[in-house]
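In what follows, a structure is listed as structure tokens, so that the remarks can point back to it.
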Amino acid sequence: MNLPTIIAALIVGALVLSIVISGIRNKRQGKSSCSCGSCGGCAMSGACHPKQ
């Protein structure tokens, strides 16, 4: 492997890692996975956010 390939792989790996970390933080904070915050109009909102 040459240097540009290694650099590209590191960039892609960093992006994937940041997405995973962001998802874990959102899950711990109780945020929805859709991250838009407006699930009221969604037909599946009951599956994602069950009433307590």
ask   = Do you reckon Ile11 sits in the same ILVMFWY cluster as Met1, going by side-chain contacts under 4.5 Å, direct or chained?
value =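 Ile11 and Met1: separate clusters.
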key: Value rounded to 0.5 Å, distance of CG in Leu10 from CD1 in Ile7   =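 Leu10 CG to Ile7 CD1: 7.5 Å, rounded to 0.5 Å.
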query = When rounded to the nearest 0.5 angstrom, what is the spacing between CG in Leu17 and CD1 in Ile21?
reply =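 One gets 4.0 Å once the value is rounded to the nearest 0.5 Å.
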Residue pair Val16 / Ile19, side-chain heavy-atom distance below 4.5 Å =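 No. Closest side-chain heavy atoms not under 4.5 Å.
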